[in-house]
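Beneath this line is the structure, given in structure tokens, with notes to follow.
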Protein chains: 2
Amino acid sequence: MNQKTQRFATIRKIIRNELISSQEELIARLRECGVEITQSTLSRDLKYMNVAKVPHKEKGYIYVLPNTVQHDANVSSNISDNITSLTFSGNLGVLKTKSGYASAISVPIDNLDSPDILGTIAGDNTVLLILREDANRSHIIESLVRIFPMMSNIL
Amino acid sequence: MNQKTQRFATIRKIIRNELISSQEELIARLRECGVEITQSTLSRDLKYMNVAKVPHKEKGYIYVLPNTVQHDANVSSNISDNITSLTFSGNLGVLKTKSGYASAISVPIDNLDSPDILGTIAGDNTVLLILREDANRSHIIESLVRIFPMMSNIL
DNA sequence: GTTATATTTGTATAAATATGCAACGACCTA
DNA sequence: TAGGTCGTTGCATATTTATACAAATATAAC
């Protein structure tokens, strides 16, 4: 339906360009754009469009479109800020990073020359750690936190 | 203080590994992990941790950790014509593609944000899927076929 | 056209989430 | 010790969001 498509476009435009904290607020903005809509329909629209609600420093919460990568306002020079998670599976460790940082992150890990980390493979946002079969995960984490202190925030 | 850090870690672990649709559900899981918490505190914790709530096909809505904020998993169809095989080995999946397509193929897989697929690494014609330890291979296949319909031809 | 079937919407309400406020405890300093 | 500040929490509740249901509207088949 074209009516609906048009409405979606307007919703997207507003969310992309403004900080919207609630559906009521968005309804008001839509009205200003000539779109009448009830809260229930909007709720369904947002769900259909995969719009997420995320915490935001100033506004409390805001809606964000899918594919919109959240960029921190303050870019940190600390490389370990770019590590987002560490999980283990069998004899592998999977270290996720912000896009593009995997290679940079993997270098100091290689340089650890830890007997527990046999090697690493870096993609774009993932560093694969191949671990010794009987490696102790706690020891791995300790080693990593030693070179990436900020990592303790995400563990 | 340390109590709180510990609680955060548990919350993160649960959110990373499971599909949680509501705070009440998360409270129940936390209790199973020995963490007693009220809804109001949890709400504040989630806000503090920048945890977002995003629409999800099966569960309605799920909580996701920052930097994994939801992307479009609906993908143009014919790209999946370039997948040639899928095999499993231990907790790894190996997806072979025509030369040069691995990166393109891996993007929508990353965007699935499946708790079963911890991460992907794309080479030139191979995508390595790192799976959760107890991941169900059938479920993985289902997820992949959902975004790459043509894959069903080669399975 | 008519009828059947599916999609979209609003209303009313349920469900889920955020938050003001008071209370508690940790940690100061005098 | 008493008194002060600060961070954390639970309770109660306000706010916000999702959804069951029925009505309206579109879509398709005849």
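Order of the sequence lines fixes the chain letters, A, B, ..., with proteins taken first and strands second; residue numbering starts at 1 for each chain.
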For A:Gln6 and C:dT8, give me the distance from atom CD to atom C1', rounded to whole Å. 17 Å
Sidechain N-carboxylate O distance under 4.0 Å for B:Arg29, B:Glu24: no
Atom NE2 of A:His56 and atom P of C:dT17: how far apart are they, to the nearest Å? 21 Å
Closest non-hydrogen contact found for A:Cys33 with A:Thr10 is CB-CG2, 3.9 Å
Figure out the CG/P separation between A:Asn50 and D:dA18, and round it to whole Å. 12 Å
Between C:dT19 (C1') and A:Lys59 (NZ): distance, integer Å: 17 Å
Can you sort out which residues in residues 36-48 of chain A have a heavy atom within less than 4.0 Å of DNA chain C? Ascending by number, please. A:Thr38, A:Ser40, A:Thr41, A:Arg44
Does the B:Asp116 side chain pair with the main chain of B:Ala135, one donor and one acceptor, at a distance under 3.5 Å? no
With a 4.5 Å limit on heavy-atom distance, are the side chains of A:Asp45 and A:Arg7 in contact? yes
Looking at C:dA15, I'd like to know if its phosphate oxygens (OP1 or OP2) sit under 4.0 Å from a side-chain N or O belonging to B:Tyr61. no
Going from OH on A:Tyr61 to CG on B:Asn50, what distance comes out if it is rounded to the nearest 0.5 angstrom? 9.0 Å
Consider only side-chain N and O atoms of A:Ser99 and A:Asn125, and report whether a donor and an acceptor are under 3.5 Å apart. no
Tell me every residue that passes side chain to side chain donor-acceptor pair (under 3.5 Å) with A:Arg31, counting only those two or more places apart in sequence or in another chain. A:Glu36
Mind listing the residues from residues 11-27 of chain A sitting with a heavy atom below 4.0 Å of DNA chain C? Number order is fine. none
Using atom types as modelled and distance alone, determine if a side-chain donor or acceptor of A:Thr41 lies under 3.5 Å from a backbone N or O of A:Ile37. no
